[in-house]
Protein chains: 2
Amino acid sequence: MTAEKVVSSRTRHAILGGLAHEAASGYEIRKFLSETTSHFWKEGYGQIYPTLERLVEEKLIEVASREAGGRERVRYRILPAGSVELRTWIRSPRFQLKSGRNELLLKLFFARRDDAAALLPQIQEYRVSMQKTAGIYSAFDLDADEIPDDSRSLIATTIDYSKAAARMQIEWCERTLDLLASLAKAD
Amino acid sequence: MTAEKVVSSRTRHAILGGLAHEAASGYEIRKFLSETTSHFWKEGYGQIYPTLERLVEEKLIEVASREAGGRERVRYRILPAGSVELRTWIRSPRFQLKSGRNELLLKLFFARRDDAAALLPQIQEYRVSMQKTAGIYSAFDLDADEIPDDSRSLIATTIDYSKAAARMQIEWCERTLDLLASLAKAD
DNA sequence: TTTAAATATATCAAAAGAATACATTGACAC
DNA sequence: GTGTCAATGTATTCTTTTGATATATTTAAA
């Protein structure tokens with residue numbers, strides 16, 4: 001009774017995508033993802049390492065090199081079957097959206113007028129952090145050499161998204177700050 | 001050695017907020033949240049039921065009524081200490097943002113030109129679902145009786161946010177559809 | 001009036017995320 | 001040179017969150 005565990009996780013595809021780019025260790029994959037997709041996709045080690053082992057078992061990737069001695073480092077490389085799986089996923093008409101969590105909006109939802117003064121600086125902080133984010137994406141250099149020409153314009157759409165999201169949030173902050181200021185003034 | 005488990009979870013505040021509105025069971029709390037805050041905050045049963053027990057232990061809420069017989073239904077009510085905790089949280093200058101996951105953007109990030117044709121209908125579907133969402137928020141009635149006047153304009157800011165987010169995503173879909181169409185045409 | 005569908009309640013396993021542990025390298029002060 | 005500290009690289013473990021499923025009850029339908 002070796003019941004196969006069903007893996008519905010999308011982590012496998014994020015990893016395959018990363019390895020399609022180049023062979024890497026779990027640590028490097030996470031670094032790559034957090035530098036490129038973190039605005040809409042993040043992975044943690046706790047997810048990456050077990051999934052790598054799983055992908056090896058499934059023969060979608062293989063160990064490319066293994067350095068021992070105290071700290072060990074295992075690099076993985078994608079196999080042809082892995083590339084097929086990646087492309088199948090990209091083209092299959094199923095995808096999942098999971099909205100994030102915004103604690104500040106939750107506070108606003110439960111707040112009363114007399115909380116307005118305390119909320120004001122929190123929204124200012126939010127705006128600052130969004131402005132920082134917007135700056136990062138504006139400075140993003142799509143002409144960088146490592147990006148294959150073939151996918152450049154597709155990647156551009158994800159950056160477009162992040163920029164638009166940041167801008168939208170900044171504008172919301174501004175509208176909301178105005179409102180809170182008027183509430184706070186009217187005590 | 002009864003080491004107190006530290007609860008850093010924000011679920012407690014979502015629950016306290018819900019109960020501040022009116023006494024309710026775990027099921028009802030979840031229903032309330034999913035009808036009102038689901039665009040920026042969701043809770044599942046797996047989180048709600050254990051947290052309710054915890055909050056009772058901490059004397060922030062209490063059991064208001066308990067119906068037995070086969071299926072049991074326990075309603076909880078917020079205590080003064082719970083209200084204080086809720087307000088303290090709203091005013092404290094700490095909040096956490098957790099960006100969601102967008103599998104479609106992940107696909108676009110890893111895609112190549114020749115995937116464009118397969119991605120096109122996926123983005124169309126995305127646009128439709130966003131249009132539906134936008135419709136819901138536009139129709140939202142803030143003048144409904146149950147909403148206390150005191151927090152009406154604060155709640156309005158969260159709806160403003162959701163509307164703006166939906167609009168932004170629809171516009172992104174339109175830009176992206178144009179691009180993909182041109183890529184797909186050029187084979 | 002039995003059956004089917006919708007609603008209400010709760011549990012549990014899987015996935016995701018956060019915190020931590022430990023190893024190596026490099027830079028700098030002495 | 002050498003001891004100390006910080007930065008980086010690697011991985012594990014634990015907690016929180018999510019999702020699927022089980023079970024009971026009520027309502028609607030046939």
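Below, chain A is the first sequence line, B the second, and so on; all start at residue 1.
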Integer-rounded Å distance: C:dT11 C1' and B:Leu52 CG: 14 Å
Taking atom P of C:dA10 as reference, at what distance in whole Å does atom CD of B:Glu28 sit? 10 Å
Starting at atom CD of B:Glu53, determine the distance to atom P of C:dT11, rounded to an integer number of angstrom. 7 Å
Within the distance-only criterion (no hydrogens, no angle test), does the side chain of B:Thr37 pair as donor or acceptor with the backbone N or O of B:Phe40 below 3.5 angstrom? no
Is there a side-chain contact between B:Arg101 and the phosphate of C:dA16, meaning an N or O under 4.0 Å from OP1 or OP2? yes
When you measure from the side chain of B:Glu85 to the backbone N and O of B:Ala81, does any donor-acceptor pair fall under 3.5 Å? no
Between the main-chain N or O of B:Thr36 and the side-chain N or O of B:Trp41, is there a donor-acceptor pair closer than 3.5 Å? no
Which whole-number value in Å describes the distance from A:Glu103 CD to D:dT16 C1'? 14 Å
With respect to the phosphate group of C:dA15, does any side-chain polar atom (N or O) of A:Gln47 fall under 4.0 Å of OP1 or OP2? no
Selection from D:dG9, D:dT12, C:dA10 that lies nearest to any side-chain heavy atom of B:Tyr49: C:dA10
Less than 4.0 angstrom between a side-chain N/O of B:Ser25 and OP1 or OP2 of C:dA8, yes or no? no
Closest nucleotide among D:dT12, C:dT11, D:dT17 to the B:Lys98 side chain: D:dT17
Would you say D:dA11 has OP1 or OP2 under 4.0 Å from some side-chain N or O of A:Tyr45? no
Any carboxylate oxygen within less than 4.0 angstrom of a Lys/Arg side-chain nitrogen, looking at A:Arg101 and B:Glu43? yes
How many whole angstroms separate atom CD of B:Glu43 from atom P of C:dT9? 17 Å
Is there side-chain contact between B:Phe110 and A:His13, with heavy atoms separated by less than 4.5 Å? no
Between D:dA11 (P) and A:Ile29 (CD1): distance, integer Å: 10 Å
Considering heavy-atom distances to DNA chain C, does B:Tyr27 or B:Gln96 have its closest nucleotide positioned more toward the 5' end? B:Tyr27
Hey, does A:Gly44 reach any base, or is it just sugar-phosphate, or nothing, if we go heavy atoms under 4.0 Å? nothing
Please report, rounded to the nearest Å, how far the P atom of C:dT9 is from the OH atom of B:Tyr76. 11 Å
Within less than 4.0 Å of OP1 or OP2 of C:dA16, is there a side-chain N or O belonging to A:Thr11? yes
Can you tell me how far P of D:dG19 sits from CZ of B:Arg30, to the nearest Å? 9 Å
